[in-house]
Every structure is written in C-alpha cells, then in structure tokens.
Amino acid sequence: LTVGNFTIGNRWCIHPMEGWDGTTSGEPTEHTLRRWRHFGESGAEWIVHVTKPTDGRPGPLWVVPHDDEDVAFDNGIDAVARYGGVLVSVETGGQRTNGSINPNNIFAEDAAACGGAAPHYTRTVLANRTEGHPVIGLHSNDPGSVATGGLGVISIDAPLKSARPYRANPFIPSQSNEDTLAFVASTKPAGEDPVVDEMVDSLLQNGINVIRELVTTKTNDCSLSNYLALRGIQPYYNLEVVHGDRVTQGLMINAIMRKS
C-alpha cells in the first residue's frame, strides 16, 4: 500500500490507547507518537499489545513474544488478572516470527548487534517492568527436540551446550515431562549466583525441571533471558510447556508466585 512517498508494510490500524499512553478521550499523546515513530524508523512493522489489570496492581512483567503459542497467551491473561503486573504480547498474524525475525531474539540496545528494530522493541517491552517484581516469559512448543527425535527445540533431554539441566523428582504432572521446564540464566556458574541458585532450588522443590544457562557476551543470542542476565536483572523465569498444556503452565505460574 503506497501513500504519498511512503510504502506501508501492512494495513493494521493501532488503537491510540495501545500502550496506555493515550489520553482519556482516546487521542494519542506525544509519547504515543514517539513510540510508533521509532517503530517506523526501525524499518519493520511491529504490533505489541500491552495488557494491564483494571485496578492497575503492580506485579510481574509477563512476556509472550510468539503469536503461535496460544496457551502462553491465555495463561498470560489469566496471570495478569490474578497476580497483577503487565502482559506484553507480540502479534504477528499467528506466526512464530515477524517476517524473518524471532521476537524473542531481538533484545538489545545496539541495533548492529541484533537488528535495526532491537533498541526500540527492547525499550517498549521493558518499559512495562516494575522494579522488585519478576520478569516471566511464557512459551509453548512442539513435543520433544529434533536432537532427540522430536519436533521441537526445547527439551530437558537436549539442553544447550552452555546450559545445565536439573531434573525435578518428583516432577509436576504434565502432558510431557521432557518439555515441561523453566529456563533461568546467569552470567555466573552454579554456586556463585545466590539469587539464581535459590531460584533453581525453589523450582525443583515445586517439581519443575530447570535448565540453567550460563550467559556470556560471546554466547549472547539476543534473547530476553540473555539480555536480562547480562544486565543483572533478576529474577527472570522462562516457563516452557508442550503446546496445549495450559493447566501445567498455570501450576508453574502459581508455584513461582507463591515464592514471590
């Protein structure tokens, strides 16, 4: 679609209150205009939804970056209603990626490092974080791992080379134990980061498998977990279940919030 000298990448219209920075009458403010101007300058179209409880209770920053993970989105809505905070979700037409870009691997302050949209996208997501509350990523994936004969990429049986798996025993009831786990990340190995060490212990005590990733600037993959770990922002949890297992992910959320 061409308008004047501009070619528009899609025909989406964004409600002026999106992001909670419009006026009470529904008109955009300078903050609204600046935010969307930055997205336009990035060269990519992004639709980021911000959902808050009606009473404005502070709480975790819930992040659902993949638009094909319905269980994660549904649990994010439930979590905001129950525990407060803010849910940030990315809309990409029901696809996992925005074109060729994975919305979970574009967190950076340097456009050259992770893509042109990264700085604006990162600021937009993390502007909704409240100090003293956890950041919780919600995901669902295909069963198993390609590395173990499955279809997905996440499995306690096939952790990343830079990660260490911890198996809960007994473990929380789920549709697939292999795919039910929490990712945590730190720039320090086990035993040297008291905050993450305690997170791992608590998750295991609640029957949740854990993959703990050791993050360095060289291994940084521009994911939310890596971005936060490199900046010492904790606690961060990434809760993974197999597609469709809404109940188990809800139980994992409840376990973390009991601790928080």
Side-chain angles (χ1 to χ4, degrees), residues 1-16 18-19 21 28 32-51 61-77 86-129 135-142 145-146 150-154 160 183 185 213 215 219-228 230 236 238-244:
L1 178 64
T2 300
V3 179
N5 295 324
F6 296 94
T7 298
I8 301 172
N10 57 49
R11 295 171 182 262
W12 285 99
C13 294
I14 308 302
H15 193 290
E18 180 64 52
D21 51 17
T32 312
L33 298 174
R34 177 173 58 84
R35 179 158 49 85
W36 290 105
R37 187 183 305 119
H38 285 168
F39 276 131
E41 291 169 352
S42 73
E45 292 79 29
W46 290 86
I47 301 174
V48 179
H49 294 285
V50 178
T51 305
L61 170 56
W62 311 91
V63 183
V64 179
H66 293 141
D67 197 17
D68 65 337
E69 299 177 1
D70 294 343
V71 160
F73 180 77
D74 292 344
N75 275 324
I77 292 294
V86 180
L87 168 64
V88 176
S89 56
V90 180
E91 183 175 337
T92 53
Q95 303 299 311
R96 182 177 181 83
T97 60
N98 186 8
S100 62
I101 302 173
N102 185 335
N104 194 46
N105 292 95
I106 190 173
F107 286 91
E109 296 168 357
D110 179 6
C114 300
H120 307 316
Y121 175 76
T122 302
R123 286 195 294 268
T124 297
V125 173
L126 293 180
N128 296 283
R129 172 178 170 261
V135 179
I136 302 177
L138 300 175
H139 292 268
S140 66
N141 287 283
D142 290 320
S145 167
V146 172
L151 300 174
V153 295
I154 303 299
L160 302 171
F183 265 104
E213 184 179 4
V215 180
T219 62
N220 177 27
D221 61 2
C222 299
S223 63
L224 179 57
S225 61
N226 282 209
Y227 178 88
L228 296 177
L230 288 170
Y236 168 78
N238 173 357
L239 303 184
E240 302 271 354
V241 294
V242 72
H243 286 319

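This chain uses plain numbering: 1 for the first residue, then up along the sequence. Basis for what follows: all heavy atoms, side chains included, without hydrogens, waters or symmetry-related copies.
In plain terms, the two heavy atoms of Ser225 and Glu213 that are nearest each other are OG-OE1, 4.0 Å. Here the closest heavy-atom approach between residue Asn104 and residue Phe107 is recorded as O-CD1, 3.9 Å. Between Leu61 and Val125, the shortest heavy-atom distance links the atoms CD2-O, 3.8 Å. When every heavy atom of His139 is checked against every heavy atom of Pro65, the shortest pair comes out as CE1-CG, 3.5 Å. Smallest separation of non-hydrogen atoms from Asn98 and Pro103: N-CD, 4.2 Å. Taking each heavy atom of Leu138 and Asn75 in turn, the nearest pair found is CD1-C, 4.2 Å.
One N or O on the side chain of Thr124 and one on the backbone of His120 form a donor-acceptor pair closer than 3.5 Å. Without hydrogens or angle criteria, Thr122 side chain to Ala108 main chain gives a donor-acceptor distance under 3.5 Å. Here the side chain of Thr92 pairs no donor or acceptor atom with the backbone of Gly94 at under 3.5 angstrom.
Taking CD of Glu109 as the start and CG of Leu230 as the end, the distance is 10.5 Å to the nearest 0.5 Å. Put simply, CG on Asn105 and CG on Asp221 are 5.0 Å apart, with the number rounded to the nearest 0.5 Å. Between the CG atom of Leu126 and the CG atom of Leu228 there is a distance of 6.0 Å, given to the nearest 0.5 Å. Considering CZ of Phe183 and OG of Ser223, their distance stands at 9.0 Å, rounded to 0.5 Å. A distance of 6.5 Å separates CG of Leu239 from CD1 of Ile136, quoted to the nearest 0.5 Å. Once rounded to the nearest 0.5 Å, the distance linking OG of Ser89 with CD1 of Ile77 reads 6.5 Å.
Residues Phe73 and Leu87 form a side-chain contact, since some pair of their non-hydrogen atoms from C-beta on lies under 4.5 Å apart. Residues His243 and Asp142 are in side-chain contact: their nearest non-hydrogen atoms beyond the backbone lie under 4.5 Å apart.
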Give the intermediate values and the outcome of side chain to side chain contact (heavy atoms under 4.5 Å, CB included) for residues Ser140 and Val241.
CA-CA 5 Å; Ser140 66; Val241 294; 4.1 Å; yes
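For Glu69 and Arg96, the salt-bridge test passes: some basic side-chain N is under 4.0 Å from an acidic carboxylate O.
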